[in-house]
Amino acid sequence: MRLSVIGCGYLGAVHAAAMASIGHEVVGIDVDERKIEALSRGEAPFFEPGLPEILSEGIASGRLTFTTAMAAARGAKVHFVGVGTPQRADGHAADLTYVNAAFDGLVPFLTPGDVVAGKSTVPVGTAAGLAPRIESTGAVLVWNPEFLREGFAVKDTIDPDRIVVGVADGQTVDAPGILREVYAPAVAKGTPFIVTDLATAELVKVAANAFLATKISFINAMAEIAEVTGADVTQLADAIGHDARIGRRFLGAGIGFGGGCLPKDIRAFSARAEELGRGESVAFLREVDEINLRRRDRAVQLVLDGLGGQVFEKKVAVLGAAFKPHSDDIRDSPALDVAVRLHGLGAHVVVTDPEAIANARAKHPQLTYEADRDEAIRDADAIILVTEWDKYRRELSPSHASTLTAGRVIVDGRNGLDPTAWRAAGWTYYGMGRP
Ligand code: UGA
């Protein structure tokens with residue numbers, strides 16, 4: 001099928017390449033010329049495992065092209081809109097500038113029977129407002145939220161755990177049927193395909209992210225209680241996680257969640273609920289946000305504790321800058337925030353990360369960066385692990401670290417290390433919510 005994908009950021013670039021990889025003819029459209037040039041050469045503008053391969057294959061096959069010309073959307077059967085909806089500069093609500101611009105740009109090129117499939121994460125009610133804008137073209141609007149995780153984006157797009165399609169009342173075009181064809185391999189596998197109204201589809205997305213954020217903040221709240229009682233939050237998570245109704249996933253206590261999605265989505269959800277007069281229904285999301293941010297303070301405090309209350313002119317090696325492993329994304333990264341705070345307290349901070357240094361340096365040039373892990377920890381007075389790359393979590397042994405550092409203080413901001421092994425090697429180990 002011929003498809004267009006408007007917006008070639010994280011979501012759009014992966015979606016375009018993934019759709020080409022399952023056999024569709026896809027044009028990716030974006031206003032950013034440099035991004036389009038890079039994508040046209042088969043270069044992914046960000047680190048995402050598996051993406052460069054499917055980009056190159058798609059381009060070589062002739063089924064995948066990229067352009068800045070919106071007119072290239074003409075003739076596609078389905079137009080996916082996957083532009084960004086960042087947090088507004090003046091508050092917590094979502095900024096819909098790019099969504100509105102994408103629809104304005106697309107309308108002149110729509111033909112009767114086309115399906116416009118919104119994928120961007122939008123405040124509930126947005127799609128109902130957009131539908132009349134395309135009505136006169138004879139195209140129909142559906143909302144088809146995206147649930148991909150960075151680091152697993154290709155797999156999540158080709159083989160998602162569910163497909164949600166929100167449709168407006170009284171549509172004559174069988175838009176869900178057309179999307180079943182688009183996602184044919186996943187549909188053939190029996191992937192749940194859920195057809196809803198527009199509002200439900202928009203809400204499914206933000207509710208899922210709100211739930212995940214709440215789960216993380218729940219366990220981090222338990223970490224705070226563990227810290228004053230001598231309990232161990234990792235054992236607690238293991239034990240409650242055995243209850244299938246609770247489940248162990250997303251109960252990783254540490255410095256909390258970040259990234260381009262969870263933080264902004266829970267804030268935008270609260271802002272939208274306020275607008276709808278139901279602010280109290282999701283008032284708990286403010287607590288979720290606050291618990292999350294407090295964990296960064298806690299991590300900084302542990303470094304201070306480890307160094308006798310003073311970090312001024314002490315060398316602190318920060319292992320990680322990305323908001324999570326397998327990503328070079330530093331948007332709202334708790335790891336980088338901890339590094340910046342330590343720098344603000346006068347520490348000589350050296351940040352290392354396998355993928356995110358270029359992005360981190362562009363945002364925080366005041367910090368020192370070192371690509372080589374061992375050089376980063378050389379002569380350090382303390383180490384803090386903030387992004388659980390295997391290189392830091394599994395492959396850094398305490399005995400090896402001891403040969404390089406000046407001090408023997410390790411703060412485990414992700415509870416990824418073995419406290420017994422580090423203590424046995426003479427280190428002072430601090431976890432998050434662990435004795
Ligand atoms: C998240 C959702 O998981 C996706 O389903 C969703 O599609 C995506 O947002 C989106 O809205 O586009 P992502 O931002 O890639 O995906 O990252 P997650 O894997 O959810 O991790 C988010 C943050 O939570 C990271 O900083 C991670 O370190 C942290 N986290 C995760 C914890 O602190 N503890 C955990 O147990 C799990």
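These numbers come from the heavy atoms of this one structure, side chains and all, not from hydrogens, waters or symmetry mates. Order of listing sets the numbers, starting from 1, for every ligand and every atom in it. Throughout, residue positions are numbered sequentially from 1 according to the sequence presented. No experiment lies behind these values; they were computed from the predicted model shown.
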message = Between ligand 1 and Lys324, is the shortest N or O to N or O distance under 3.5 Å?
response = yes
task = Using side chain to side chain donor-acceptor pair (under 3.5 Å) as the criterion, list what pairs up with Asp159, not counting sequence neighbours.
result = Lys189
message = Side chain or backbone, does Glu388 bring an N or O within less than 3.5 Å of an N or O on ligand 1?
response = no
task = Would you kindly specify which portion of Lys215 sits under 4.0 Å from ligand 1, judged on non-hydrogen atoms: side chain, backbone, both or neither?
result = neither
query = Taking all atoms of both residues into account, what is the closest heavy-atom pair of Leu302 and Gly431, and its distance?
reply = CD1-O, 3.4 Å
key: Where at least one partner belongs to residues 184-232, residue pairs that pass ring-ring contact (aromatic ring centres under 6.0 Å, His included), sequence neighbours excluded   = none
query = Between Leu262 and ligand 1, is there a nitrogen or oxygen pair with a distance under 3.5 Å?
reply = no
Geometric N/O contact Phe147 with ligand 1, under 3.5 angstrom = yes
query = Is Leu212 near ligand 1, meaning one of its heavy atoms is under 4.0 Å from it?
reply = yes
query = Side chains of Asn100 and Arg133: do they bring a donor and an acceptor to under 3.5 Å?
reply = yes
Main-chain N/O of Ala335 paired with Ser333 side-chain donor or acceptor, under 3.5 Å = yes
inquiry  = Would Gly256 count as a contact residue for ligand 1, given that I'm defining contact as a non-hydrogen atom of the residue lying under 4.0 Å from a ligand atom?
reply    = yes
ask   = Which bit of Glu146 gets closer than 4.0 Å to ligand 1, counting heavy atoms only: side chain, backbone, both or neither?
value = backbone
task = Pick one of side chain, backbone, both or neither for how Leu11 approaches ligand 1, counting any non-hydrogen atom pair under 4.0 Å.
result = neither
message = Please work out, at 4.0 Å between heavy atoms, whether the side chain, the backbone, both, or neither of Thr121 comes within that distance of ligand 1.
response = neither
inquiry  = Is it the case that ligand 1 has an N or O less than 3.5 angstrom from some N or O of Arg149?
reply    = no
Contact check, Gly259 vs ligand 1, heavy-atom distance below 4.0 Å = no
query = Looking at ligand 1, does Ile219 have a heavy atom less than 4.0 Å from it?
reply = no
